[in-house]
Amino acid sequence: MQDDDKDQPFMQKVLDNHFLLLFIGLAVPTLTYIVWGVMELVSLPIANP
Amino acid sequence: MNANTDFRICPESGLKIHRPAEALIKANAVLAVVFLLVGGVLGLLVGLTRWPEVHLLPADAFYKVLTGHGINVLIFWIIFFEVAVLHFASAVLLNSRMATPKLGWASTGLMLVGALLNNYAVLVKGNSSVMMTSYVPLPADTLFYVGLILFAVGALIHCFIFLGTLVIARGERTYEGSLPLVSFGALVACIIAIFTIASGAVILIPTLAWNLGLISHVDPGVYRLIWWAFGHSSQQINVATHVSIWYLTAALLFGAKPLSEKVSRFAFFLYIAVLQIASAHHLLVDPGLSAEWKIFNTSYAMYLAVMASMVHGLTVPGSIEAAQRAHGLNSGFFEWLRKAPWGNPVFSAMFLSLVGFGVLGGITGVVMGTEQINLVIHNTMYVPGHFHGTVVVGTTLAFMGITYWLVPVLFRRDLILKGVARWQPYVFAAGMSGVALFLMGAGTLGVPRRHWDILFSSAGAGNGYEFSAAALTLMSLNGLSAVLAALGGAMYIGVVVGSILFGRKLAENEKVGTLMVRAAPPAEKYHNIGMGTITIPGTMVLVGVFFVAFALYYFINWKFLAETWGLS
């Protein structure tokens, strides 16, 4: 992205912001897959044989 | 001259190649091929053992070989090659100098040490036959985990060097506007790789601590959850990388431009957002995880990534068709395809990769990612069948194809045995497609994926299990296909290694002699191509066939599931 180009559409700005893309690529799977999954696993009750 | 300003001009493409980057790309590509050789030989032994009439290896050797095969081809071959692709797509394609080449060499060294330690633990010490997944509490040798961690750290540093090169290229304005599409695809691969490697570190470091006795245990459920964020996402790096190679090949050999850069970029964006969560399909029968978690992370969100792959599956052949028609091959539905350079292994490998990945890997991946019908084939031979369709026919074949282009361009060597190279993609694709299809067929009939002795013949009289003759026949056909695929792999390694060692040296400004880069057709040539208002009628027909096959196969699997219970 050229910094002086302010007339680009929003989505183009997102696609040109590499570090925002990196954040999205880390945040989405971390939240929906890892955090959600770990929360479910650690909230399982311990078995009492 | 300072090494950071040491460039040469590629006589084929006119690209300004940063010599330190070029040297590092070559080193990683060579290491990749070495580990492909190791993993490929082990894979042949696996195939011969799963061939019921041959059943080559005893149980202990089989699990050792299977572990080594999985790690060498799924991790070491693929990631060394992907590191080469990352630096090629940044420094070379952007005409930029590479960020910190010396750190790059240190990272490659770290990866090599890690790969060697891991192989030493698995193949020499022989006490780490835990398969690629290394599920706790199965214990492996300490060096097994140390090797994987060192390899991952090296690869992670390469990802940050790639990002650094992008910053340099943008700062020094070596390209105009947005990142070119192929480099953007490599950026997507890099982002997925960072998530993947971070997940690996999160779970492998505590596992190493457990292995050393520093902590009492690692929860198996949590291990599986996070390990698959590493294990499956590593295959999503492959998808982004080989799709980038498809676009690159289309641009190089046909002068093709994407049908719509915006659409292709958005499809890549969907990969960033939702591709990694497909890891959840490995956990669809795990207790402790809710149906909501499973269905969101597989069916609902993953389908966006599937749609993205279908977008690429349309736009890559579509862009080739449009360019071919603009070059004058505008008759009928398929003149553009019939007169494509099928004798050029760069193209044939790429196109076979595209078809194989979409049909063998893509359709079956959706079946595996659907919670209900996954149950028909979960943990059967269907699973390795599926990923031999995606990772081998899809990724490995794409990597093989682009190697034939890179050997003369980067290594400055003419290819030897061109006739062998011409046939190699067909032999490898035929063999590996057979492996994928026959394993999936056997898996559908219930053959388990992880057991050395599927008939339990070693369990004593009366304890065996009889599979149908069809299942055993499919396993035998898989064995034959594995031999054919190994032949195709040997042809690739013979041509590539032979060319690098013995191929005619090309002078710095000498052209290869065959067309390596085709100029894009002028914009006005794109007017009036196609049939009526449809610009790419041939691709639309192919897409139609794909969708019909997709729908039929999907519903056939629901029928299989319905037959599981006699309700009607």
Side-chain angles (χ1 to χ4, degrees), chain A, chain B residues 159 162-163 166-167 170 173 176-179 183-184 187-188 190-196 198-199 202-203 219-226 228-229 232-233 236 240 261-262 265-266 268-269 271-280 283 286-290 292-294 296-298 300-301:
Chain A
M1 181 179 63
Q2 306 302 315
D3 295 335
D4 54 353
D5 195 346
K6 300 189 189 312
D7 297 328
Q8 287 186 329
F10 170 75
M11 197 61 211
Q12 188 63 53
K13 288 181 182 173
V14 171
L15 294 175
D16 285 341
N17 189 331
H18 306 158
F19 291 95
L20 175 61
L21 294 177
L22 175 60
F23 173 77
I24 294 170
L26 295 178
V28 173
T30 300
L31 288 175
T32 72
Y33 178 89
I34 292 181
V35 173
W36 183 3
V38 169
M39 284 171 61
E40 293 202 344
L41 289 173
V42 299
S43 62
L44 284 175
I46 303 293
N48 291 310
Chain B
C159 289
F162 168 82
L163 292 174
L166 294 190
V167 171
R170 181 187 289 183
R173 296 186 179 258
E176 294 291 327
S178 300
L179 204 58
S183 302
F184 186 75
L187 169 66
V188 173
C190 170
I191 291 170
I192 297 173
I194 291 173
F195 171 77
T196 301
S199 302
V202 165
I203 200 59
D219 181 86
V222 173
Y223 178 93
R224 285 170 58 83
L225 175 81
I226 301 179
W228 278 113
H232 197 85
S233 298
Q236 316 295 23
E261 278 225 22
K262 288 178 183 170
R265 275 175 206 275
F266 188 71
F268 272 127
F269 174 75
Y271 279 175
I272 293 173
V274 291
L275 190 56
Q276 298 99 304
I277 59 180
S279 308
L283 308 175
D286 273 37
L289 292 162
S290 67
E292 290 84 357
W293 181 90
K294 290 173 180 173
F296 178 84
N297 282 292
T298 55
Y300 289 137

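Here is the naming used below: chain letters follow the sequence lines, and residue numbers restart at 1 for every chain.
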Heavy-atom distance under 4.5 Å to chain B: side chain of [X], backbone, both or neither?
X     : answer
A/T30 : both
A/I34 : both
A/M39 : neither

Does some side-chain heavy atom of [Y] sit less than 4.5 Å from a side-chain heavy atom of [X]?
X      : Y      : value
B/F266 : A/M11  : yes
A/L21  : B/F184 : yes
A/L41  : B/L289 : yes
B/F268 : A/L15  : no

Most contacts with chain B, counted as non-hydrogen pairs under 4.5 angstrom, among A/V14, A/I24, A/V42
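Going by pairs under 4.5 Å, I would pick A/I24.
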Does A/F19 have any side chain to side chain contact (heavy atoms under 4.5 Å, CB included) partners at least two apart in sequence or in another chain, and if so, which?
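Listed in chain order: A/N17, A/L22, B/L163, B/V167.
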Find the distance between CZ (A/F23) and CD1 (B/I272) and round it off to the nearest 0.5 Å.
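The distance works out to 13.0 Å.
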So how far is it from B/N297 CG to A/Y33 OH, rounded to the nearest 0.5 Å?
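Reported value, rounded in 0.5 Å steps: 8.0 Å.
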Which atom names give the shortest non-hydrogen contact between [X] and [Y], and what distance separates them?
X      : Y      : result
B/Q276 : A/G25  : NE2-O, 3.0 Å
B/L166 : A/H18  : CD1-ND1, 3.9 Å
A/P29  : B/F195 : CB-CZ, 3.5 Å
A/V28  : B/A273 : CG1-O, 3.0 Å

In terms of heavy-atom proximity below 4.5 Å to chain A, should B/L187 be classed as side chain, backbone, both, or neither?
side chain
What part of B/S199 lies closer than 4.5 angstrom to a heavy atom of chain A: side chain, backbone, both or neither?
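Just its side chain gets close to chain A.
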Name all residues meeting the side chain to side chain donor-acceptor pair (under 3.5 Å) criterion together with B/R265; count only those two or more places apart in sequence or in a different chain, and write none if there are none.
B/E261
A/E40/B/L225 under side chain to side chain contact (heavy atoms under 4.5 Å, CB included): CA gap, chis, key distance, verdict
CA-CA 11 Å; A/E40 293 202 344; B/L225 175 81; over 6 Å; no
